[in-house]
Amino acid sequence: MQQQIKDNHTISGYFVFFTIGVAQAAANIFNLQIVIIREAGQDSWISIILMGLSLHVIIWMIYKMLGNPSKDVITLHNKLFGKYIGSIISLPLVGYYFLMSLYYFRAYIEIVLAWVFPTTRTWAIAAVLICILYYVVSGGFRVIAGFSFMYMFLAPLLLLFYFPMREGELYNLLPMLNHSLMELLKGSKASGFIFFGIEGLLLYFPFLKDSGKHAKWAHFALLYTTLKYAFLMIVTLMYFSQGLLKHSLWPTLAMTKIIELSFIARFEYFYIFLWLLVIVPTVCISIWCCTRILKRVSGLKPGAALPVMLAALFIAVLFFNERTQISALESFINDLGFYFIFAYIPVLFMINLIAVKIKKDLPSGKSS
């Protein structure tokens, strides 16, 4: 049985809207389009909607597995497989969440280096960001959740896509629905990485007050993400021809370059630095999950695990210097995250369902 989380360490259930929303906002929003159009072309926005709809089922599974009573995935593993085997199954999750943090962290550093500080070394930017991460994560989960809330201040930035939409051509979206179902599903699989972030629920679920009553906020977060990315994809398809889009490395930033304001010359700089409010809590949630697993499985205190994890993150970032290396990391993470969400979570859900069914049937079996 998992130890009850103290009230002063928990957050209101509706905060899950921000913790999921901010994590899903961080996933390579600057170049997501070029990955998805390879499969579904001008119907890519439909693939995004299909993926978003399917993930509502995954959220439902998570809430069914971890609710009544509230628990995390470590407790669930121990309950289903026993303490020792459960701990062995739980430990690899540290690697998963660490790779996720590396994925977000390196992608953001690459953009800062390419667009703002091209002569700066990777280690210098990484060192500054690591200090920020340490400050936030060491404050505990409530601080991370509070930081996640600030991502809502970025919502008005979506209005700025009015400018590229005004310059775009509606006929770029035509012909509509000329891709097969298989091509649309391949596009959905390719778009899976923009929805990463719901996996954190597996660890911080017990930190939500009355979590079972607030599942709607997790669904609202996913709905918001789905509509946001579908809108972004439509604007991008209107603004770029598909031929040009395939050769654009960061289409989202390219569209923001056309925004001209009297008080700022390079609007994309403003956009990049504001995105720090998204990247920091997203990486912090993944790192916090790593320290949480280590504490639950091995008893290692977060105060000792956190510096080790951040040092490992700093060193790992330095191994990815070339664009081809970063692309290989992104491709690997996209596949890993997809199978984690659509294979690991459903399989765990089915095993838990069978275990609950057997437990319910046992008394009647004995009585007969």
Side-chain angles (χ1 to χ4, degrees), residues 22-32 35 91-139 144 147-148 151 193-194 196-197 199-200 203 249-250 252-253 268-269 271-294 300 302-337 340:
V22 74
Q24 293 181 330
N28 286 1
I29 190 173
F30 301 115
N31 65 352
L32 64 96
V35 178
L91 266 180
L93 295 183
V94 176
Y96 175 80
Y97 287 105
F98 178 79
L99 287 172
M100 282 294 162
S101 65
L102 175 63
Y103 166 65
Y104 299 126
F105 195 59
R106 188 62 187 90
Y108 183 71
I109 289 176
E110 183 192 21
I111 290 168
V112 173
L113 286 172
W115 285 78
V116 186
F117 301 121
T119 59
T120 307
R121 299 295 182 91
T122 302
W123 68 263
I125 297 176
V128 173
L129 293 177
I130 288 288
C131 293
I132 299 173
L133 297 177
Y134 179 81
Y135 174 76
V136 177
V137 180
S138 61
I144 297 172
F147 217 92
S148 302
Y151 121 91
F193 72 97
I194 63 179
F196 292 166
E199 316 93 289
L203 270 303
L249 193 53
W250 290 294
T252 305
L253 285 178
E268 67 270 24
Y269 287 4
Y271 204 77
I272 290 170
F273 286 118
L274 271 183
W275 220 248
L276 192 62
L277 296 177
V278 170
I279 293 298
V280 167
T282 302
V283 178
C284 285
I285 289 173
S286 295
I287 292 294
W288 179 88
C289 288
C290 294
T291 60
R292 181 70 183 166
I293 296 168
L294 289 172
L300 184 64
L306 179 58
V308 175
M309 297 306 303
L310 291 180
L313 182 64
F314 177 77
I315 294 169
V317 162
L318 302 182
F319 283 99
F320 296 91
N321 291 316
E322 304 295 333
R323 179 62 220 171
T324 52
Q325 295 172 323
I326 298 171
S327 294
L329 173 67
E330 290 174 353
S331 178
F332 174 73
I333 293 294
N334 291 349
D335 288 338
L336 179 67
F340 184 89

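Note that the coordinates shown come from a computational prediction; the quantities given were computed from them, not determined experimentally. Computed from heavy atoms alone, side chains included, the values below leave out hydrogens, waters and symmetry copies.
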Might you point out which heavy atoms bring [X] and [Y] nearest each other, and give the distance in Å?
| X | Y | answer |
| --- | --- | --- |
| C284 | I144 | O-CD1, 3.8 Å |
| W275 | A25 | CZ2-O, 3.3 Å |
| Y104 | G197 | OH-N, 4.4 Å |

Checklist entry - When rounded to the nearest 0.5 angstrom, what distance separates CD in E110 from CD1 in I125? => result 11.5 Å
Item to check | All ring-ring contact (aromatic ring centres under 6.0 Å, His included) counterparts of Y96, not counting sequence neighbours | outcome: F340
State, with a plain yes or no, whether a side-chain heavy atom of [X] is found less than 4.5 Å away from one of [Y].
| X | Y | result |
| --- | --- | --- |
| Y103 | N334 | yes |
| L313 | L133 | yes |
| L294 | M309 | yes |
| T282 | F105 | no |

Item to check | Counterpart residues, side chain to side chain contact (heavy atoms under 4.5 Å, CB included), relative to L99 (two or more places apart) | outcome: L102, F332, I333, L336
Item to check | Pairing residues for I315 by the side chain to side chain contact (heavy atoms under 4.5 Å, CB included) criterion, not counting sequence neighbours | outcome: F319
Item to check | Test item: E330 side-chain N/O and A328 main-chain N/O as donor-acceptor pair under 3.5 Å | outcome: no
Checklist entry - Would you find a donor on one side and an acceptor on the other, under 3.5 Å apart, between the side chain of R292 and the backbone of L203? => result no
